[in-house]
Amino acid sequence: MTANARSIIVGTAGHIDHGKSTLIEALTGTHPDRLEEEKRRGITIDLGFAFLEEGGVRFGFVDVPGHERFVKNMLAGTTGIDMVLLVIAADEAIKPQTREHFDICRLLGVKRGVIALTKVDLVDRDTEELVRLELEEFVKGSFLEGAPVVAVSAKTGAGLAELKTTLHDEAQKIAEKQTQRYFRLPIDRSFAVKGFGTVVTGTLISGEIAAGDEVELLPEKKLLRVRGVQSGGKTVDRAGAGQRTAVNLAGIEHTAVQRGMVLAAPARFVKTRRVDARMELLASAPLLKNRARVHFHVGTAETIAEILLYEKKELQPGETGFVQCRLVDEIVCVRGDRFILRQFSPVITIGGGAILDPLAKRPTRKDQGHVGFLHTLGDGPREEILRAMIERNILGVRGDELIARTGWMEAEIAAAAKNLAAAGTIRSVNVEPMMLLAESLFQDMAKKLLACVESFHKENPLLPGVSREELRAALGRRVRTETFRAALEELEKQKKIVLQGEVVKKPGTEVTLTPEEARAKQQIEQAFAKAGLAVPSVKEVLALLAIENRRAEKILQILLREKALVRVSPELIFHREALDRLPALLQTYKKSKGDRIGVPTFKELAGITRKYAIPLLEYLDRQRLTRRSGDERVIL
Ligand SMILES: Nc1nc2c(ncn2[C@@H]2O[C@H](COP(=O)(O)OP(=O)(O)OP(=O)(O)O)[C@@H](O)[C@H]2O)c(=O)[nH]1
Ligand SMILES: [Mg+2]
């Protein structure tokens, strides 16, 4: 493939036997029917592929079956096409699958097309003119209104050159693809190639892929390595959005991959069984009741959905409405992806639409704002959509969730978030990973947090402040770590609180003790300092004080928080300085006597009884100054 050739995917559409496959062969030289059964029966059953390079444009044709029983295969092939080649036989004109395929193309959002009036060798000029008129009427008001109609005959070759030129002209009008988005390839085939292993194919709908890439198979969530990439039957360095692509995968059997699965950039997309969407019920369809079960098609995947109507009890033919689709199987999609609905039985196409939110929540009666939210998702500009997604989540939303829901790039989301933050509507509570919260919710949280700090001071006048841990617990579980930290930092910036290590306090709230309390504090500390390692019990010390026990306990807490005293065991408290002498003592011992020391020797060395020796050794073990080894300690 020439480096800068444009790649355009053309999908055929049209009633059975109208000459789709024959026309593709006449255009490309390749007959798209591959299966033995197709050849025997003379009909197309599954998708076929062929390529044509014409005036710098590389056309990838996806040939679909016209038989009504194989519409689901047609659907898988029509995903991601740039243009439709609607095939109508001049001798039969418009037939049921002409209509159905045309509806599907419209619902899938196909924007351009060319109409081929095939088998013109079988009709006279008058009939041809009549069919042309019928056709014009048929496409009126649709994306195909005014589209070129080319009369062709695969038998005589008439019109084929004109058709090629017309396809080329239409291709020029197609906008560039989204190679800048994350890689996503809905798989339509998986097979084994001798000497290569597993190969999967599909129409690359966004991003790029190259040999050596790591990709994720969804909904399996399996990471795989790409051995090689082909596009249009030729090995390429990389393939981009809008190309028919074959990917040679390492590490998986071809039977483990099926049509409907998606190959994607790792960790960017999610699987889901509940999506919110806007749907259109075809005018030709019967009325749709709430909770109806239908066949649901998105990408190359197919499952069964229960349709919950948001505003109405039923949808009339021709109406549009917001719906939630509850799916039987997991699928992968993002906002904007198109889907098709087919009646459960008999299976006919009844409608379709666009995904609004692939990570929809179970609807609740309480949630009054949901329909408004769906309107925003459907029609809003990017910033509005992000704002709505963020505001509707009281815990805040992570960047990767926003990517998975919208398919937008991280940088696009970050840029929009920056604008929203500057406008004061949202708050970035963490950068890596990105975490966004509505500003109003953030302010509420900060207010609550400040109130907690204030009431702590009121209830604990003798304590310097509340620990972060206690504060977090006081706020309840419905706050994320990132939000909590951001709120603390914000309040500190506003000088409303002071952060001192683990302690959070109001500024200017130095603990002031009464002279009586100050004296008691000194007495406690001195009692332990004097005792060295042979400390008295806490009870004994507190009993000597002039203040009542409850206040004395609090003062003890202050000394522990200030780390002047250290609690070594539930009963024993030591002065920091006494403990600080132990490591040097042990190291001196180690130098002269070796690194092992038993309890009796330790008692002697420290000049203490067994009552203190055991808790102190356990303390030293916890501090990793010693390690227990049988009856002895190893000095570390
Ligand atoms: N006379 C004439 N016959 C044609 C022409 N094009 C196709 N046919 C015949 O029409 C029949 C059906 O053609 P296909 O190309 O298989 O039709 P199709 O639309 O692919 O059919 P499905 O894939 O089964 O939907 C074949 O017997 C073709 O030989 C044409 O231009 N003129
Ligand atoms: Mg065919």
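In listed order, ligands and their atoms are each counted from 1.
Atom 32 (N) of ligand 1 has as its closest protein heavy atom Asp121 OD1, 2.9 Å. When only non-hydrogen protein atoms are considered, atom 12 (C) of ligand 1 lies nearest to Asp17 OD1, 3.2 Å. When hydrogens are left out, the protein atom nearest atom 17 (O) of ligand 1 is Gly19 N, 3.1 Å; that is the closest non-hydrogen contact. Lys20 N, 3.5 Å is the protein heavy atom nearest to atom 18 (P) of ligand 1. Atom 24 (O) of ligand 1 has Thr44 N, 3.0 Å as its closest protein atom, hydrogens excluded (heavy atom only).
Partners of Glu384 under the salt bridge (Lys or Arg N to Asp or Glu O under 4.0 Å) rule, at least two apart in sequence or in another chain, are Arg387. When the salt bridge (Lys or Arg N to Asp or Glu O under 4.0 Å) test is applied to Arg335, no partner is found at least two apart in sequence or on another chain. Applying the side chain to side chain donor-acceptor pair (under 3.5 Å) criterion to Glu383, with sequence neighbours excluded, gives Asn419.
Between Phe70 and the options Ile43, Leu47, Val64, a side-chain contact (heavy atoms from CB on, under 4.5 Å) holds for only Ile43. Thr44 pairs with exactly one of His67, Glu38, Met74 by the side-chain contact (heavy atoms from CB on, under 4.5 Å) rule, that one being Glu38.
Side chains of Asp169 and Thr166: no donor on one and acceptor on the other come within 3.5 Å. No side-chain N or O of Asp188 forms a donor-acceptor pair with one of Thr300 less than 3.5 Å apart.
Considering backbone and side-chain atoms alike, Thr22 places an N or O below 3.5 Å from some N or O of ligand 1. Residue Gly66 has at least one nitrogen or oxygen atom sitting less than 3.5 Å from a nitrogen or oxygen atom of ligand 1, judged on distance alone. Considering both main-chain and side-chain atoms, Ala154 comes within under 3.5 Å of ligand 1 through a nitrogen or oxygen pair.
Around the Mg ion (ligand 2), the protein contributes the following N, O or S atoms under 2.8 Å, ordered by chain and number: Ser21 OG, Thr44 OG1.
Distances shorter than 4.0 angstrom do not occur between any heavy atom of Thr118 and any atom of ligand 1.
One finds no salt bridge joining Asp82 and Arg6 here, because no Lys/Arg side-chain nitrogen approaches an Asp/Glu carboxylate oxygen to under 4.0 Å.
No more than 12 heavy atoms of other residues, nucleotides or ligands shown are found within 6.0 angstrom of NZ on Lys155.
The proximity of Leu122 to ligand 1, defined as any non-hydrogen pair under 4.0 Å, is limited to the side chain.
Ring geometry, Phe344 versus His295: the interplanar angle falls under 30°, so the pair is classed parallel (tilted spans 30 to 60°). Taking the six-membered ring where tryptophan is involved, the planes of His370 and Tyr310 are tilted, since the angle between them lies from 30° to 60°.
Comparing Lys119, His67, Glu25 against atom 5 (C) of ligand 1, the shortest heavy-atom distance belongs to Lys119.
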